[in-house]
Amino acid sequence: MSEIPKAYEPQAVEAKWYQFWLDQKCFVADPQSPKPAYSIVIPPPNVTGVLTLGHVLNNTIQDILARKARMDGKEVLWLPGTDHAGIATQTVVEKSLRKQGVIKHRDDLGREKFLEHVWAWKEKHGGIILQQLRALGASCDWTRTRFTMEPEYSRCVQKVFVKLYKKGLIYRGKRMVNWDPAARTALSDEEVEMTETKGHLWHLKYPLLDDAGQPVPDQFVIVATTRPETMLGDEAVAVNPNDERYTKLVGRKVLLPLQNKHIPIIADDFVDPKFGTGCVKVTPAHDPNDFQMAGRHQLSLTVVIGPDGCMTKEAGEDFDGLDRMEAREAVVEELTEQSLLLKVEDYVHNVGYSQRSHVPIEPYLSEQWFLKYPSVEKALECVTGSARVPRADSGVTPESSCDTRASGATPAGASGTDALPGMRFHPGRWAKTYTHWMSNIKDWCISRQLWWGHRIPVWRGNDETCSQEQLLDVFDILQKADKSLVAFTFKLKQTEQVAGGNWTAGSKHVESIEACVMPGADDLIWELEDNNFAQDPDVLDTWFSSWLWPFATMGWPAQTATLKKFYPTSDLVTGPDIIFFWVARMIMAGYEFMGELPFRNVYFTGIIRDKQGRKMSKSLGNSPDPLDLIGKYGADALRFGTMRSAPLGQDILFDEQNVELGRNFCNKLWNACRFRQMQGGEVQGEINPALLTSDDRWILLRLNQAIREIDAAFADYKFSDAAAALYRIFWSELCDWYLEAAKAPLQSGTPEQKANTLAVLDFVLSHLLRLFHPFLPFITEELWHGLGYSADMPENQGGRTIMFAPWPKPLGDDELSFYALDATAEAVANAKYQLVTQGRNLRREFNIPAGKKIRFILKPAGSIAAHDIEVLRILLNAEAVEINTAYAAPKGTPSALSPLGELFLPLAGLIDVVAEKARLNKELAKIAAEIERAQQRLNNPNFAQKVPPAVLAEHQARLAEWLGKQKHAEAALAALAQN
RNA sequence: GCGCGCUUAGCUCAGUGGUAGAGCACUUCCUUCACACGGAAGGGGUCGCAGGUUCGAGCCCUGCAGCGCGCACCA
């Protein structure tokens with residue numbers, strides 16, 4: 001800090017230090033380190049994503065945790081990377097190719113060619129977000145950056161698939177799934193967002209048929225539906241078996257309008273007689289419930305809506321090819337013409353939308369892969385326990401924590417991280433949400449009809465695609481193959497059974513074989529494909545790869561040094577919106593494949609919203625670009641502003657003013673350090689207790705208090721509390737009082753006094769910079785070196801970088817007594833500052849210009865140090881503060897009473913009597929109110945009996961203080977009256 | 001329908017039993033030699049409503065209202 005600018009200029013500083021940290025390999029984790037491990041895996045952002053404020057929040061917290069852990073002496077791994085985001089990325093690339101006119105649909109290119117384009121896109125645009133994280137100061141170990149589609153990771157995914165397949169947990173089946181007609185793929189239940197939507201309830205008239213199949217005139221069955229277009233696929237009308245209105249009709253038939261089809265009236269318990277007309281149209285191919293009913297009643301399935309969301313041929317030639325929404329109108333129009341529409345009601349109901357494409361989900365019958373979740377019990381137990389256990393690394397008492405954690409024990413000594421039992425959610429209430437979901441999970445549809453993703457490692461052949469000879473050959477190969485490389489199932493024609501695996505290929509007829517192949521079994525795959533076997537075309541849900549993230553990124557399945565050192569990870573920081581998608585699944589995967597939970601603590605951030613409380617979204621344009629904010633205010637400012645306004649568990653209303661506040665804060669920090677430097681001199685190490693002033697003692701105690709508060713905040717993951725404590729100690733205490741008071745010895749003290757003041761200042765600043773470092777990495781590094789504090793420290797503990805400087809500890813009892821830091825020391829300074837405020841108030845009340853130096857007189861209550869008088873003089877901007885124990889104030893001299901004594905502002909007859917009377921009366925009114933309150937409480941006979949003695953004394957002292965002030969003010973008023 | 005969260009100063013939020021707080025905004029004054037991205041002094045709250053527990057309630061309990069978010073197959 002040679003040429004010190006008046007204002008902090010972050011840009012050059014940030015670039016310089018980030019590069020320095022990279023060059024010095026400060027972020028690289030060493031699995032061989034003897035230090036205890038601390039690890040976080042980043043929630044992998046989409047490879048094609050760009051940085052949002054949500055990422056800023058999330059990654060700032062991770063960076064704070066990582067940097068704090070380094071200063072705590074931990075070996076830190078913050079593992080970064082991206083995921084391939086199947087649907088999102090494929091959609092983006094396909095859209096871009098369409099825009100360029102390269103294709104109309106990806107089918108025009110074919111799988112291989114299309115994937116080449118996706119990879120090219122990934123190479124060009126992928127990982128931008130990781131670059132952007134560097135601008136934020138993220139201290140990720142970039143040497144370990146991972147991507148879910150890279151070869152090693154893909155092998156993990158494949159291996160996991162085969163393992164689960166072998167266990168019988170993965171199966172294929174024809175089911176009604178959530179179909180996204182825009183992306184043309186199946187989705188999991190979690191990817192469907194139920195949205196309350198205004199729609200209509202159409203009441204349709206289905207003509208009743210007689211035994212001969214002729215419509216009975218004027219007899220109809222009325223069904224109500226929100227989706228008239230599906231009636232084209234109706235196979236029945238259902239009523240409740242106990243519904244007396246309709247029992248007679250069960251077994252008869254109705255005429256399905258437009259399709260001219262005879263469909264039966266069936267009885268089924270599913271139907272709620274109280275809803276609507278009590279008659280339900282049954283569309284087995286397009287409604288999950290109706291599909292169930294069809295199973296119970298052997299109804300056939302007519303598919304009238306295709307995978308693209310358009311009507312099929314089965315819908316009839318009037319509707320074939322129409323979009324489902326167009327078809328709705330057309331059907332309604334047609335029914336209206338035929339007078340078969342009874343009425344239309346407005347109706348608000350929940351409609352499932354694709355989380356990805358934002359189009360209504362279509363229930364769609366198709367062949368998909370499903371996973372029966374593994375290790376559900378363990379995953380449920382580890383978070384559901386309610387025993388309260390303090391964190392091993394903090395002094396937090398059980399009572400002070402309301403987080404939920406497990407009671408179960410964890411295999412100890414399995415890793416380098418602290419072996420704590422169970423897992424904690426912060427805030428703990430999310431455990432309930434988690435438990436609820438875990439207790440009601442249904443099988444996970446893991447297949448996606450996409451090209452970008454991990455292709456399902458299953459090869460199939462059947463008697464239509466292969467010759468019987470090929471099937472038998474394959475069967476033979478698979479039987480002889482290494483069982484660790486492949487799992488397979490097969491189907492025989494007719495009813496042959498395989499008894500104890502003794503069935504041998506012979507004259508029997510094989511219908512189909514399905515082989516699930518481990519990664520690396522290339523020869524086997526070659527043989528399968530040589531026999532006309534084909535790989536399943538589907539890819540896996542992206543979450544099926546990211547649920548392995550905590551260990552697949554560390555080299556699993558090999559037992560790498562990294563895995564041994566850093567798994568399980570310490571903390572996970574993520575949004576509650578992916579608690580099911582990712583967190584729950586990672587926990588299950590952790591237990592299933594590692595035998596242990598993947599992380600100890602999960603911190604759920606809030607959701608960033610705009611000032612009006614709306615979610616940030618691209619379409620609303622209410623989402624500022626974090627990089628613009630960094631450019632304008634600096635990364636530290638963005639970090640601090642965000643953390644200061646992000647309390648645990650609450651959504652955050654983003655306001656650029658918060659970032660401005662962060663910038664102002666950095667500037668203030670800069671200038672406080674600039675002030676220190678302008679005092680000159682070397683870094684002052686030794687503090688001489690004999691020379692400590694009341695201000696010195698006060699700031700040291702305040703620092704101690706701040707360290708305790710910040711530690712407590714960290715222990716509870718309350719980052720906004722930590723930020724608030726930092727703000728207070730630095731701005732409201734150090735700058736507002738100590739730095740101003742220190743000007744007394746600095747300007748007029750002896751060289752020894754001056755040196756000691758600087759020693760205290762250096763002590764405080766060097767501690768504050770370290771406390772600030774996790775929040776403000778750049779400016780603290782700059783000032784750390786600029787003020788020369790680095791020179792004082794061992795090379796690897798702050799000498800090279802503040803990143804590894806030891807985290808400040810509160811002073812111990814011996815140190816407190818060595819420096820005589822006790823309540824008395826604090827009280828003297830507090831009384832002094834209180835007197836200053838009162839004196840300044842007098843100046844204001846009597847309109848003394850701020851710049852004018854005047855004389856105060858202090859009638860002290862006890863002895864007062866020369867230093868304190870000098871501080872009073874400076875802080876009151878006084879010409880002098882005269883001490884006069886015998887001062888007899890002229891009538892009406894304005895004064896203020898404080899524990900330090902009575903302060904007079906001698907105005908030599910210049911007093912505006914009326915104004916002063918008004919001021920005193922106002923003060924008296926306030927005092928009277930306080931006295932009233934205190935007396936009321938003390939007069940309550942129960943109060944003295946039941947209240948703890950300390951509290952009683954406190955209230956009594958308070959009353960005494962107010963009574964003293966009242967006396968003082970009354971006397972002043974009386975003196976004025978005599979004039 | 002069930003669950004969760006929120007309701008405190010104009011705004012955004014802290015505050016889990018003992019004198020209602022912070023930041024921003026507001027009023028007035030000040031470019032004094034760290035900082036106007038600053039300093040000083042102020043004004044501003046019957047803590048959503050109604051009961052209850054307690055010597056004492058913003059805080060604990062019960063009920064109600066409003067807002068938000070999840071979960072849920074009722075057409």
Side-chain angles (χ1 to χ4, degrees), chain A residues 4 6-8 194 201 223-227 230 238 270-272 274-283 287-290 292 347 349-350 363 400 402 427 429-430 432-433 436-437 440 576-577 579-580 607 609 611 613 633 637 644-647 649-655 657-658 660-679 718 720-721 724 727-728 731-732 735-736 739-740 743 747 836-837 840-845 847-851 853 875 877 930 933-934 937-938 940-948 950-952 954-955 958 961-962:
Chain A
I4 320 159
K6 254 177 107 168
Y8 173 55
M194 299 304 283
L201 204 52
V223 294
T225 181
T226 54
R227 300 196 58 194
T230 62
F270 167 77
V271 182
D272 177 358
K274 292 190 285 294
F275 188 89
T277 59
C279 298
V280 184
K281 60 191 270 312
V282 182
T283 321
D287 183 285
N289 295 312
D290 295 1
Q292 300 281 325
Y347 188 62
H349 61 140
N350 284 318
S400 74
C402 62
R429 68 184 142 86
W430 289 110
K432 203 166 179 177
T433 305
H436 183 254
W437 185 79
N440 295 286
D577 48 335
I579 188 168
F580 312 136
I607 300 196
R609 299 169 181 282
K611 267 191 270 189
Y633 300 105
R644 210 167 164 281
S645 59
Q650 298 301 326
D651 285 357
I652 297 110
L653 300 200
F654 180 81
D655 188 336
Q657 279 189 338
N658 292 323
E660 203 178 320
L661 176 132
R663 179 201 55 183
N664 295 353
F665 189 83
C666 290
N667 189 57
K668 185 86 173 172
L669 181 59
W670 179 260
N671 275 290
C673 292
R674 189 163 156 256
F675 170 78
R676 161 62 188 97
Q677 196 167 51
M678 289 167 83
Q679 304 308 314
K718 292 186 171 174
S720 60
D721 284 9
Y727 191 99
R728 193 199 61 226
W731 201 310
S732 309
C735 290
D736 285 355
L739 283 187
E740 296 304 323
K743 285 175 184 172
Q747 282 169 14
V836 167
T837 301
R840 286 167 172 172
N841 187 303
L842 289 178
R843 288 186 66 124
R844 275 292 286 158
E845 295 285 349
N847 290 319
I848 314 283
K853 296 211 183 261
L875 295 189
N877 193 28
E930 294 291 347
R933 221 151 54 119
R937 197 165 298 179
L938 287 165
N940 184 332
N942 282 322
F943 184 76
Q945 285 170 15
K946 302 196 178 178
V947 94
V951 176
L952 180 64
E954 197 186 319
H955 280 89
R958 203 174 293 149
E961 193 184 321
W962 284 117

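Values in this document were obtained by computation on a predicted structure and should not be read as measured data. Within every chain, numbering begins at 1; the chains are lettered A, B, ... in the order of the sequence lines, protein sequences first and strands thereafter.
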Q.
I'd like the P distance from B:C24 over to B:U46, given in whole Å.
A. 23 Å

Q: Compare all side-chain heavy atoms of A:His955 with those of A:Leu938 and state whether any distance is below 4.5 angstrom.
A: yes

Q: Quote, to the nearest angstrom, the P distance that separates B:C6 from B:G52.
A: 25 Å

Q: May I ask you to verify whether the side chain of A:Glu740 and the base of B:A40 hold a donor-acceptor pair under 3.5 Å?
A: no

(Q) Using the side-chain heavy atoms of A:Asn671, tell me which of these nucleotides is nearest: B:C24, B:A41, B:A34. (A) B:A34

Q: Pick the P atom in B:G56 and in B:G18, then give their distance to the nearest Å.
A: 15 Å

Q. What nucleotide, of B:A75, B:A22, B:C29, holds the atom closest to the side chain of A:Val280?
A. B:A75

Q) What residues, two or more places apart in sequence or in another chain, satisfy salt bridge (Lys or Arg N to Asp or Glu O under 4.0 Å) together with A:Lys743? A) A:Glu740

Q | P spacing across the pair B:U12 / B:A75, given as an integer number of angstrom | A | 36 Å

Is there any protein nitrogen or oxygen under 3.5 Å from a nitrogen or oxygen in nucleotides 69-72 of chain B, and what are the pairs?
| unit_1 | atom_1 | unit_2 | atom_2 | d |
| --- | --- | --- | --- | --- |
| B:A72 | N6 | A:Asn350 | ND2 | 2.6 |

Q. Considering residues at least two apart in sequence or located in another chain, which fulfil the ring-ring contact (aromatic ring centres under 6.0 Å, His included) criterion with A:Phe675?
A. none

Q. For A:His349, which residues count as a ring-ring contact (aromatic ring centres under 6.0 Å, His included) partner, sequence neighbours excluded?
A. A:Tyr347

Q: Name the pairing partner of B:C69, where a pair is Watson-Crick or G-U wobble with both distances under 3.5 Å, or state none.
A: B:G3

Q. Residues two or more places apart in sequence or in another chain: which of them pass side chain to side chain contact (heavy atoms under 4.5 Å, CB included) with A:Thr277?
A. A:His203, A:Ile222, A:Tyr246, A:Cys279

Q) With side chains defined as the heavy atoms from C-beta onward, is the minimum distance between A:Phe654 and A:Arg609 less than 4.5 Å? A) no

Q: Among B:C4, B:C35, B:A34, find the nucleotide with the atom closest to the side chain of A:Lys432.
A: B:C4

Q) Who are the side chain to side chain contact (heavy atoms under 4.5 Å, CB included) partners of A:Phe580, not counting sequence neighbours? A) A:Glu190, A:Thr433, A:Trp437

Q. For atom P, what is the distance between B:C64 and B:G23, given to the nearest Å?
A. 39 Å

Q.
Run the side-chain hydrogen bond (donor to acceptor under 3.5 Å, both in side chains) test against A:Glu954 and tell me which residues pass, sequence neighbours left out.
A. A:Arg958

Distances for protein N/O vs nucleotides 11-13 of chain B N/O pairs under 3.5 angstrom?
none

Q) Which listed nucleotide (B:A40, B:C74, B:C24) is nearest to the side chain of A:Asp272? A) B:C74

Q: Ignoring the backbone of A:Arg429, work out which of B:A34, B:A22, B:G5 is nearest its side chain.
A: B:G5

Q) Can you check the A:Asn664 CG to B:G23 P distance for me, whole Å? A) 13 Å

Q. Looking at B:A41, B:C4, B:C37, which one has an atom nearest to any side-chain atom of A:Ala7?
A. B:C37

Q) A:Asn671 side chain to A:Lys6 main-chain N or O, any donor-acceptor pair under 3.5 Å? A) yes

Q. Listed by chain and number, what are the side chain to side chain contact (heavy atoms under 4.5 Å, CB included) partners of A:Arg840, not counting sequence neighbours?
A. A:Trp737, A:Val836, A:Leu875, A:Leu876

(Q) With nearest nucleotide decided by heavy atoms, which residue, A:Arg840 or A:Ala672, maps closer to the 5′ end of RNA chain B? (A) A:Ala672

Q: Taking only the side-chain heavy atoms of A:Phe275 (C-beta and beyond), determine which of B:C74, B:C4, B:C29 contains the nearest atom.
A: B:C74

Q) Any cation-pi pair here, A:Arg644 with A:Tyr727, using under 6.0 Å and within 45°? A) yes

Q. Mind checking the C1' distance from B:C67 to B:G42? Whole angstroms is fine.
A. 35 Å

**Q.** Listed partners of A:Phe275 passing ring-ring contact (aromatic ring centres under 6.0 Å, His included), at least two apart
**A.** none

(Q) Taking the minimum atom-to-atom distance to the side chain of A:Thr837, which one of B:A34, B:A41, B:A14 wins? (A) B:A41

Q: Please list, chain by chain and in numerical order, all residues satisfying salt bridge (Lys or Arg N to Asp or Glu O under 4.0 Å) with A:Arg676, sequence neighbours excluded.
A: A:Asp762

**Q.** Nucleotide nearest A:Phe675 when distance is taken to its side chain, options B:G42, B:G39, B:A34
**A.** B:A34

Q | Watson-Crick/G-U partner (both atom distances under 3.5 Å) of B:G42 | A | B:C26

Check: protein-nucleotides 18-20 of chain B nitrogen or oxygen pairs below 3.5 Å:
| unit_1 | atom_1 | unit_2 | atom_2 | d |
| --- | --- | --- | --- | --- |
| B:U19 | OP2 | A:Arg958 | NH1 | 3.4 |
| B:U19 | OP2 | A:Arg958 | NH2 | 2.9 |
| B:U19 | O4' | A:Arg958 | NH1 | 3.2 |
| B:U19 | O3' | A:Arg933 | NH2 | 3.2 |
| B:A20 | OP1 | A:Arg933 | NH1 | 3.0 |
| B:A20 | OP1 | A:Arg933 | NH2 | 3.4 |

